[in-house]
There are 2 protein chains.
Amino acid sequence: MHKKIMYVCNMANSKLYKGSLTTIILKLLNESEKMYGYEMTQKVKAITKGELNITEGALYPALHKLEAEGLLDVEVKKVDNRLRKYYKLTEKGNKETVSKLEELKDYIKTMETFMNPKLSLD
Amino acid sequence: MHKKIMYVCNMANSKLYKGSLTTIILKLLNESEKMYGYEMTQKVKAITKGELNITEGALYPALHKLEAEGLLDVEVKKVDNRLRKYYKLTEKGNKETVSKLEELKDYIKTMETFMNPKLSLD
DNA sequence: TTCTTATGCATAATAAACTTATGTATTAAT
DNA sequence: ATTAATACATAAGTTTATTATGCATAAGAA
């Protein structure tokens, strides 16, 4: 291994508020039917124009956890002599996706209410 | 102590995305000039109509940390024979408030972009 | 052809930021 | 008289991320 610093460009980081990652994964799979881990990191980067960077150290354990909870199914494939683990939502996963998306929407609405309060409650 | 279960009504919880609390505190002090801890928990509850409940176990350590970082100043007062620790923003705290609010706005914008992508990037 | 970057997975150590569960103490309400 | 509200605090444990590695193949640049 001749790796020196493989993390050079960490770009003033992307502040992932803890708790969002699971929702992000579920949302991706809700749209794409099936995806593999690396693909998710690239897609998130593309959609958010580089503002959100999912680290692999967070992503893979999160995927394993979701699988263990029965929210995801896995299917391993070999492409170009490299492994890919394709994940897709189970039925349980679909339900959880709905509630997680609802939860995020509520959170955003709440925080916006908080940031721009309509009436002062002093 | 005759305390049995003081946490009974935990109300389907309030999902505070980790990382938001500091921003919330700074925003409160940015508007109210000076506040004490318990007052913050009540105000947040009121503004968000009970959707956000700051727990004391999170709040007080957070306040101590912000003070240690020089973002807050403290002034202890005795009201009705009970202590109150009034916090207010320092100059450094004012600057941090601006950047934290900016950061939250960016996060919300990014997540909205992610939830409602304008163009499909498949 | 050799080095680097990109693709693709994984995990251990650490840190941050919470929740949960307590503890103390005074005042107000039932 | 007991409970609820006000007001602080902290320790233990959990969750969830970052940082730092590790392995392996393929593609591209030097």
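Letters A, B, ... are given to chains in the order of the sequence lines, protein chains preceding strands, and every chain is numbered from 1. Please read these numbers as outputs of a predicted model, since none were measured by experiment.
With hydrogens and angles disregarded, no donor-acceptor distance shorter than 3.5 Å links the side chain of Thr97(B) to the backbone of Asn30(B).
Regarding Asn53(B), its CG atom lies at a distance of 15 Å from the C1' atom of dT20(C), rounded to whole Å. For the pair Met40(B) CE and dA7(D) C1', the computed distance is 13 Å after rounding to whole Å. Rounded to whole angstrom, the span from the CG atom of Asp80(A) across to the P atom of dT5(C) amounts to 21 Å. At whole-Å resolution of the value, CE in Met35(B) and C1' in dT6(D) are 14 Å apart. The separation between Glu39(A) atom CD and dC9(C) atom C1' is 14 Å, rounded to whole Å. One can place CD of Glu56(B) at 13 Å from P of dA5(D), the figure rounded to the nearest angstrom. Rounding to whole angstrom units, OH of residue Tyr60(A) and C1' of dT16(D) are separated by 18 Å. The distance between atom OH of Tyr87(B) and atom C1' of dA9(D), rounded to the nearest whole Å, is 10 Å.
A sub-4.0 Å separation between OP1 or OP2 of dA25(C) and a side-chain N or O of Asn81(B) is absent. An OP1 or OP2 oxygen of dT26(C) is reached within less than 4.0 angstrom by no side-chain nitrogen or oxygen of Arg82(B). The side chain of Tyr38(B) contributes no N or O atom lying less than 4.0 Å from OP1 or OP2 of dC8(D). Contact annotation: Lys85(A) side-chain N/O to dA10(C) OP1/OP2 distance is under 4.0 Å. Taking 4.0 angstrom as the limit, His64(A) places a side-chain polar atom (N or O) nearer than this to OP1 or OP2 of dT11(C).
Among the atoms of the strands shown, base atoms are found under 4.0 Å from some heavy atom of Gly57(A). Among the atoms of the strands shown, only primed sugar atoms or phosphate atoms (P, OP1, OP2) are found under 4.0 Å from some heavy atom of Ser20(B). At a threshold of 4.0 angstrom between heavy atoms, the contacts of Arg84(A) are confined to the sugar-phosphate backbone, with no base atom among them. Backbone-only engagement by Lys65(B) is indicated by non-hydrogen atom pairs under 4.0 Å involving sugar-phosphate atoms exclusively.
Of the residues near DNA chain D, Val79(B) and Ile54(A), the one whose nearest nucleotide (by heavy atom distance) lies more toward the 5' end is Val79(B). Between Gly19(A) and Leu83(B), the residue whose closest nucleotide on DNA chain D is further toward the 5' end is Leu83(B).
Using a 4.0 Å cut-off between charged side-chain N and carboxylate O, Glu39(A) and Lys43(A) make no salt bridge. Between Lys95(B) and Glu91(B) there is no salt bridge, since no side-chain nitrogen of the basic residue lies less than 4.0 Å from a carboxylate oxygen of the acidic one.
The cationic group of Lys77(B) lies under 6.0 Å from the six-membered ring centre of Tyr86(B) and within 45° of the ring axis, placing it in a cation-pi geometry. Remark: Lys85(A) is not positioned above the aromatic ring of Tyr36(A), lacking an NZ or CZ atom under 6.0 angstrom from the ring centre and at most 45 degrees off the axis.
Taking 3.5 Å as the limit, the base of dA16(C) and the side chain of Lys18(A) contain a donor-acceptor pair of atoms between them.
Atom CG in Asn53(B) sits 9.0 Å away from atom CD in Gln42(B) (nearest 0.5 Å).
Comparing atom distances between the Ala58(A) side chain and each of dT27(C), dT20(C), dT18(D) picks out dT18(D) as nearest.
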